[in-house]
Amino acid sequence: MTLFTCRFDAVIHFAGLKAVGESVRKPLLYFDNNLIGTIILFQVMAAHGCKKLVFSSSATVYGWPKEVPCTEEFPLSVTNPYGRTKLIIEEICRDLYCSDSDWKIILLRYFNPVGAHPSGSIGEDPRGIPNNLMPFVQQVAVGRLTSLTIFGNDYKTSDGTGIRDYIHVLDLAEGHIAALRKLDDAKIGCEVYNLGTGKGTSVLEMVKAFEQASGKKIPLAMGGRRPGDAEIVYASTKKAERELNWKAKHGIDDMCRDQWNWASKNPYGYGRSGDSSN
Ligand code: WQD
């Protein structure tokens, strides 16, 4: 019997549980899955001589930034177990590189990924009630949920709602390709880059853009602030533009157009049509 051995050039690690609220309720589940899973992955990589890594980190490591835009040099502070796993894995990566400079590691801090593949055949399909804004809005638009609760409209922003840096998943994917290419740069050790657009958009602005893209009205209810939420978070992307030769190309309207294209064709995600068990 011929045993095939294949060699991996690099690993892109985006596996992990990512619901902030769930992580507060079930911290051990998040530490076991996200941290132990990552340590085992790194051990297997090292055992097979694969020391090139792109890791999916998150803007959540900035906590509630004192100013914006966030640069990669900002102080890091986390407010929930999910964010803590991201920060701990970043520190593991830095320690790994310090112990063995053969490792080449790029940490990508995602801001708020939204949208879907323009084909309408690949998109986000969270299990249960969505934690994040845009999958929730999407399920209201297709009639799976009745209304969106706005978590706080008393922030010091133009319309009182929270501001985030939403980035199209296509731009996010391009950022990973650019990071993989960068791993061939001999000077790379363990580097971190923001993946955002550099623009802030409020909750109400996102809802309006999705209504325009979908032609659907999103009923709203005003609720209190969500514990742990920051007021305004958006990225400085100068470092990624300079060193990865990467810049986001898609705007909010593209994100909403592609997300609605996916949702209108797949109202129950990858489940059966009308199947509300997902
Ligand atoms: C966005 C805005 C809410 C839901 C988290 C993680 C981050 C990343 C993305 C993985 C906020 C408001 C939301 C709702 C609302 N995770 N909102 N009603 O919290 O910025 O980031 O998810 O990649 O690491 O921290 O994203 O989409 O939950 O919230 O008003 O039903 O929408 O208050 O202002 P968040 P979000």
Side-chain angles (χ1 to χ4, degrees), residues 12-24 30 33-34 55-65 68 70 74 76-90 107-115 124 126 128-141 144-169 171-173 175-176 192 194-197 199-210 218-235 252 255-256 259:
I12 304 179
H13 174 21
F14 6 46
L17 296 173
K18 55 158 267 190
V20 171
E22 183 184 55
S23 80
V24 173
Y30 274 67
N33 183 77
N34 291 7
F55 172 63
S56 150
S57 187
S58 168
T60 200
V61 301
Y62 294 119
W64 182 319
V68 279
C70 302
F74 268 28
L76 305 180
S77 77
V78 287
T79 58
N80 58 72
Y82 156 74
R84 206 174 321 286
T85 65
K86 290 296 184 183
L87 183 50
I88 292 171
I89 294 169
E90 284 201 10
L107 310 171
L108 298 177
R109 288 179 184 158
Y110 297 9
F111 279 69
N112 288 60
V114 295
E124 188 172 8
I129 304 292
N131 293 280
N132 296 134
L133 175 68
M134 292 312 283
F136 198 107
V137 168
Q138 173 180 309
Q139 291 195 14
V140 173
R144 290 174 62 179
L145 296 168
T146 52
S147 66
L148 168 74
T149 300
I150 304 281
F151 295 149
N153 64 343
D154 59 348
Y155 287 108
K156 290 197 257 340
T157 61
S158 56
D159 59 22
T161 62
I163 287 179
R164 295 292 184 275
D165 186 334
Y166 297 93
I167 176 172
H168 198 301
V169 287
D171 286 322
L172 209 57
H176 286 71
V192 61
N194 287 338
L195 291 191
T197 64
K199 297 183 190 71
T201 305
S202 77
V203 175
L204 286 176
E205 287 167 340
M206 282 305 278
V207 170
K208 183 161 175 273
F210 195 86
I218 305 294
L220 301 177
M222 284 302 160
R225 293 183 178 191
R226 181 172 62 177
D229 264 357
E231 182 168 73
I232 304 178
V233 185
Y234 59 86
I252 298 298
M255 296 175 212
C256 292
Q259 185 166 352

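When a ligand or atom number is given, it counts from 1 through the structure's own listing order.
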Do we see a donor-acceptor contact under 3.5 Å between the side chains of T161 and N153?
no
Within the 3.5 Å criterion, strictly below it, is a donor on Y82 or N131 matched to an acceptor on the partner's side chain?
no
Check each atom of ligand 1 against the heavy atoms of [X] and keep those under 4.0 Å away; list them by number with element.
X	answer
N131	4 (C), 28 (O)
L148	14 (C), 18 (N), 31 (O)
V20	6 (C), 25 (O)
I150	30 (O)

Exercise: identify the closest heavy-atom pair between [X] and [Y]:
X	Y	answer
Y155	G162	CD1-N, 3.8 Å
R225	W64	NH1-CH2, 4.2 Å
V169	G115	CG2-C, 3.9 Å

In terms of relative ring orientation, are H176 and Y110 parallel, tilted or perpendicular, with 30° and 60° separating the classes?
perpendicular
Expected output: side-chain Q259 to main-chain Q138 donor-acceptor under 3.5 Å
no
Side-chain donor or acceptor of N80 paired with backbone N/O of G83 under 3.5 Å:
yes
Can you figure out which of T149, N112, T161 has its heavy atom closest to atom 35 (P) of ligand 1?
N112
Among F136, Y166, F111, Y110, the residue with a heavy atom nearest to atom 8 (C) of ligand 1 is F111
Considering only protein heavy atoms, which is closest to [atom], and at what distance to one decimal place?
atom	answer
atom 25 (O) of ligand 1	T60 OG1, 3.4 Å
atom 24 (O) of ligand 1	S58 OG, 2.4 Å
atom 29 (O) of ligand 1	R226 NH2, 3.3 Å
atom 12 (C) of ligand 1	V203 CG2, 3.7 Å
atom 30 (O) of ligand 1	F151 N, 2.8 Å
atom 33 (O) of ligand 1	D229 OD2, 2.6 Å
atom 10 (C) of ligand 1	Y82 OH, 3.1 Å
atom 20 (O) of ligand 1	R164 NE, 2.6 Å

Test of understanding: given a 4.0 Å heavy-atom threshold, classify the contact between [X] and ligand 1 as side chain, backbone, both, or neither.
X	result
N132	both
I163	neither
F14	neither
L133	both

With a 4.5 Å limit on heavy-atom distance, are the side chains of [X] and [Y] in contact?
X	Y	answer
K86	S56	yes
P65	V233	yes
N34	L17	yes

May I ask you to check if ligand 1 and A59 share an N or O to N or O distance below 3.5 Å?
no
Testing N194, N112, T197 for side chain to side chain donor-acceptor pair (under 3.5 Å) with D165, which one passes?
T197
